[in-house]
Structures are given as C-alpha cells and as structure tokens.
Amino acid sequence: MERRRTVLLLPGQGAQRERMAAGLYGAREEFTAPMDEFFGRLGTTGARLRSAWLRPAPNPELDESAVAQPLLLAVGHALGRAVGAAAEPPALLLGHSVGELAAACLVGVFDPADIGALAAARSRSLEGTGYGGMLAVAAPEGQLAEELGGLGEGAELGGFAEGAEGMAVGADGVTVSGVADGVAVAGVTAAGVADARVADRAAVAAVAAGTAFAGVAVAALNGPRQTVLAGPREALAAVEQHLRDRGFLVRALRSGHAFHSPAMEGAALRFGEALAAFGPRAPRAAAGTVVSTRTGVAVTAEQARDPHFWAGQLAAPVRYWPALRELLDTLGRRPGLLLLDGSADRSLSAPARHHPAVRDGASEVVPLLAVGRDAGGPADARVFAEALHRLGEQRDHTVDHTVVS
C-alpha cells in the first residue's frame, strides 16, 4: 500500500490567536527550542513578543502586524520543526501569507538562525505604508466582481479573473495544473501544464479611483466561497457596509494593514532589498517541496534564490484555495494526502473538508492543535500527540511511495 503524502498547512495574518500552539511550549522540546531561540535572538523585542504570545484572550496587541507577523512566522517554523523531528519532514508545504515564509525556512531557503532577523526585517518594511485592513467575505470572487463592479460610474473590479474555479493561475497569467518550469510537484509531470494563456489582466486590481471603494482589492482566495478584500480603512468600511446591506456575511480580520494589495508594493520592494542580505538558497531536496500560494505551483530553485520572489508576496494575492484544490485534484486519490493543519482555528483545512477526495476518505485532515476553549493549553499537546500517532500508523502500515520524474 502506498503511503499518503503529508502536506503541512501554515497560517498567515488574520488566523493568529491568543496563545496559538502555546500548549506545546515546554511540553515538546522540538517545539520549545526554536521558539526560545527566536525570542532570544530578538532581545528585549523577543521578550515582548513572548509575553504577547502567552497572554490569554482578549489581547488586542495581536491585531498589530508588528506582533502578529513575527509570531506567526516563529510558531509556523517551530511547528514544522516539531513535526519533522518527531515524525518526518512533510513532503509538501503550503503556507498562507507569512506562513509561506515559514515554509521557506523549513526547507532551507533561509537559515533557521535568521528567523528573528527575518521577522524584524518584515516588520520594518511595513513602516510608512499607512494603515488599512482586511475583510473576509462569504462569497466567490466572481460574485463580488459583479456586485462591486456595478456600483457608480466607472466602478469596476477589473482584476477578478473569470473561471477562477477549477484552475490555478500563475503570476505570469499562465494557466497551470501543478508544475513550474518542468519541475515535478510530488509526481505531477510537466505534461500537466496547460499551454494556453489567459487574457492579460492584473491578478489583483483596485476599484477604479474616484469611487467610494477606491483602493480595495482582492487579497486572498481562501475557499470556494471565501474571498478576502484589502484596502484603506475608509474605503474598506464602505465596501463592508454595502455588502452587509446586500445580505453578505462579512468579517473584519485581525490586521492593521491592507496585505496582498497594491498598497503594499513599497513594503514589498523594501522587504526584497532586506532579504537579499540573508542569501536565500535553493531548497534542500530532502526537506520537502514548497507549493507557492502565489503561483499555485512548486517553488523552483531559481525562484527560491530570488529575494523579491518571497518579498513580492506582500503585495500579491494569496491563491491558497486554488493551490490546495490543485493538490487535492491531482494527488488526493493517488495515493492520497494527509493535510496537517497548523492553524489555531483549523481554518486552513476547512475548505478541504468539502473536497470529494476528503469526503470519500481518500485524503484526510489531521489537526495539529486544539481549538476553542482548549486552544493554547494542555490540549495542544494531546492533539499534537494524536497527529503524530496518525503519522506513525501510516508509516508502519504502508511502504514509501517514490515518484521518479
């Protein structure tokens, strides 16, 4: 019997929670050690971050990007280290927003010793970008395009790609099905790449200037009916009120910036210049494959060495669901996937639970952390141990599946 491939899912801004994964701190040395190293290298800033991390809810400080982003990076990295040390490194890694940077650290693109400095550089790059916000809307991208595009003269959302369902769209506009530059993604070959190009249009476009919604853009595709918008506070508030009036379910995310929108282009440039000093490298082959939620395909060695590839994510939309759906469509049944959800609210695996490959049991969701009232306490260690047991069962009862590309 072939072994299911493991996919580590790592969260980003908006999914931070008080005491996320804190129940593993002190209980699992393989988690505790990288967290302590992270805090220690940041000195007094690290002590402040540790205090903010361990403080119970409510903790408004976690809404600050300068607090949430470093903690998401550190916790995601430590969680991946803990899984790799206790079981084996995941075959695939899929990170949402800053979670992708944590994945890059786990596969050796950046030195783990530099996690603290990476977090500090990312925080500094946000200075001077102005404040904004992010809004989760329970609607597909196309529906929002129709709803917001018909408001006022010239008010359009030109960046909503038609036919987004069923495909992952590369940054260059190429429709792909799991491969970049001929590199196989866990068994998907270059034959799966579609040669056709979609119409030349921006992946994310702000609403036309001069309207009440100016500057608002699509920031993330998190599920079939889960779209995140980002933009300036006033414009985003106008969009929120309009959508509520029209009966849409909306929720403001815990973010003080308009991440993954054109408003972050300056920050992305500054962050890229800073990342160059860290000397990004090609991933280690044995450490797993990062599937980018920016392009929807495996990160190539050339991309990994380019600091602006990682930094550009700040201003580019997160195509999380298209990337995850592509993995489930192509690998969900042969031999199947184990989706290790590293989020503190299990939001990363929520859309996957409705995918046919998961519904019929070919693939499986395995949470790594407790949720609700139990989150951040001793139950974290129990849930993590259960996940390791599940991984051990698979290792004991199956043979490894090696794909020759």
Side-chain angles (χ1 to χ4, degrees), residues 8-42 45-57 59 61-86 89-90 93-107 110 112-120 122-123 253-255 259 290 320 340-349 366-371 374-385 387-388:
L8 179 61
L9 309 176
L10 296 173
Q13 183 81 32
Q16 71 270 21
R17 295 292 183 271
E18 286 83 356
R19 294 183 57 81
M20 52 187 174
L24 300 180
Y25 191 56
R28 286 271 176 186
E29 175 59 24
E30 59 271 27
F31 177 87
T32 305
M35 289 301 295
D36 280 342
E37 181 179 7
F38 167 77
F39 294 131
R41 288 181 177 274
L42 288 178
T45 298
R48 177 185 172 229
L49 287 172
R50 182 180 181 278
S51 176
W53 175 48
L54 297 177
R55 192 176 307 146
N59 180 13
E61 194 175 7
L62 268 187
D63 295 344
E64 300 175 14
S65 298
V67 175
Q69 296 262 320
L71 287 177
L72 284 163
L73 175 58
V75 170
H77 170 257
L79 199 57
R81 287 275 297 275
V83 170
L93 300 92
L94 196 65
H96 193 293
S97 188
V98 72
E100 187 159 296
L101 193 58
C105 295
L106 286 167
V107 300
F110 298 102
D114 290 334
I115 291 284
L118 283 170
R122 189 175 172 102
S123 294
L253 298 182
R254 302 180 71 170
S255 176
F259 288 107
V290 176
Y320 175 77
L340 308 180
D341 190 342
S343 64
D345 58 0
R346 299 190 185 169
S347 58
L348 294 177
S349 60
V366 180
L368 295 178
L369 301 172
V371 294
D374 293 333
D380 277 343
R382 174 179 57 77
V383 173
F384 188 79
L388 295 181

Residues Leu118, Cys105; criterion side-chain contact (heavy atoms from CB on, under 4.5 Å); working and verdict:
CA-CA 10 Å; Leu118 283 170; Cys105 295; 3.7 Å; yes
Backbone N or O of Arg28 within a donor-acceptor pair of the Thr32 side chain at under 3.5 Å?
yes
Output the distance between atom CG (Leu368) and atom CG (Leu8), rounded to the nearest 0.5 Å.
6.5 Å
Nearest 0.5 angstrom please: Gln13 CD to Ser65 OG, how far?
4.5 Å
Could you measure the distance from the CZ atom of Arg17 to the CG atom of Asn59? Nearest 0.5 Å is fine.
12.5 Å
Polar side-chain atom of Arg19 near backbone of Leu54 as donor-acceptor pair, under 3.5 Å
yes
Mind checking salt bridge (Lys or Arg N to Asp or Glu O under 4.0 Å) for Asp114 and listing every partner two or more places apart, or none if nothing turns up?
none
Side-chain contact, heavy-atom cut-off 4.5 Å: Leu369 with Val383?
no
Sequence neighbours left out, what pairs pass salt bridge (Lys or Arg N to Asp or Glu O under 4.0 Å) with at least one residue falling in residues 75-84?
none
Are Arg346 and Asp341 ion-paired here, with the side-chain N under 4.0 Å from a carboxylate O?
no
Quick one: pull up CZ in Phe259 and CG in Leu253 and give me the separation to the nearest 0.5 Å.
11.5 Å
Just by modelled atom types, is the Ala86 backbone N or O under 3.5 Å from a matching donor or acceptor in the Glu30 side chain?
no
CA sep, side-chain torsions, deciding dist, call: Leu9, Leu340, side-chain contact (heavy atoms from CB on, under 4.5 Å)
CA-CA 6 Å; Leu9 309 176; Leu340 308 180; over 6 Å; no
Is the side chain of Glu61 donor-acceptor paired with the backbone N or O of Val67 at a distance under 3.5 Å, no angle test?
no
Quick one: closest heavy-atom pair of Pro11 and Ala15, and the distance?
CB-CB, 3.8 Å
Quick one: sort the Phe31 and Tyr25 rings into parallel, tilted or perpendicular, breaks at 30° and 60°.
perpendicular
Taking all non-hydrogen atoms of both residues, which atom of Ala103 and which atom of Leu10 are closest, and how far apart?
N-CD1, 4.0 Å
Gap separating the NE2 atom of His96 from the OG atom of Ser343, nearest 0.5 angstrom
10.5 Å
Given Ser97 and Tyr320, is the side-chain contact (heavy atoms from CB on, under 4.5 Å) satisfied, shown in steps?
CA-CA 9 Å; Ser97 188; Tyr320 175 77; over 6 Å; no
Is a donor on one side and an acceptor on the other found under 3.5 Å between the side chain of Asp380 and the backbone of Leu24?
no
Backbone of Val98 reached by a side-chain donor or acceptor of Glu100 within 3.5 Å:
no
Grab the two heavy atoms, one from Leu71 and one from Leu49, that are nearest each other, plus how far apart they are.
CD2-O, 3.8 Å
Under 3.5 Å, side chain of Glu18 to main-chain N/O of Trp53, donor-acceptor pair present?
no
Single hit among Val290, Leu93, Val83, Leu79 for side chain to side chain contact (heavy atoms under 4.5 Å, CB included) with Leu106
Leu93
Would you compute the distance between atom NE2 of His77 and atom CD1 of Ile115 and round it to the nearest 0.5 angstrom?
4.5 Å
Looking at side-chain heavy atoms only, is the closest gap between Met35 and Val75 below 4.5 Å?
yes
Please enumerate all residues that pass side chain to side chain contact (heavy atoms under 4.5 Å, CB included) together with Ala379, with sequence neighbours excluded.
Ala370, Asp374, Arg382
Taking side chain as C-beta onward, heavy atoms only, is Pro112 less than 4.5 Å from Pro34?
no
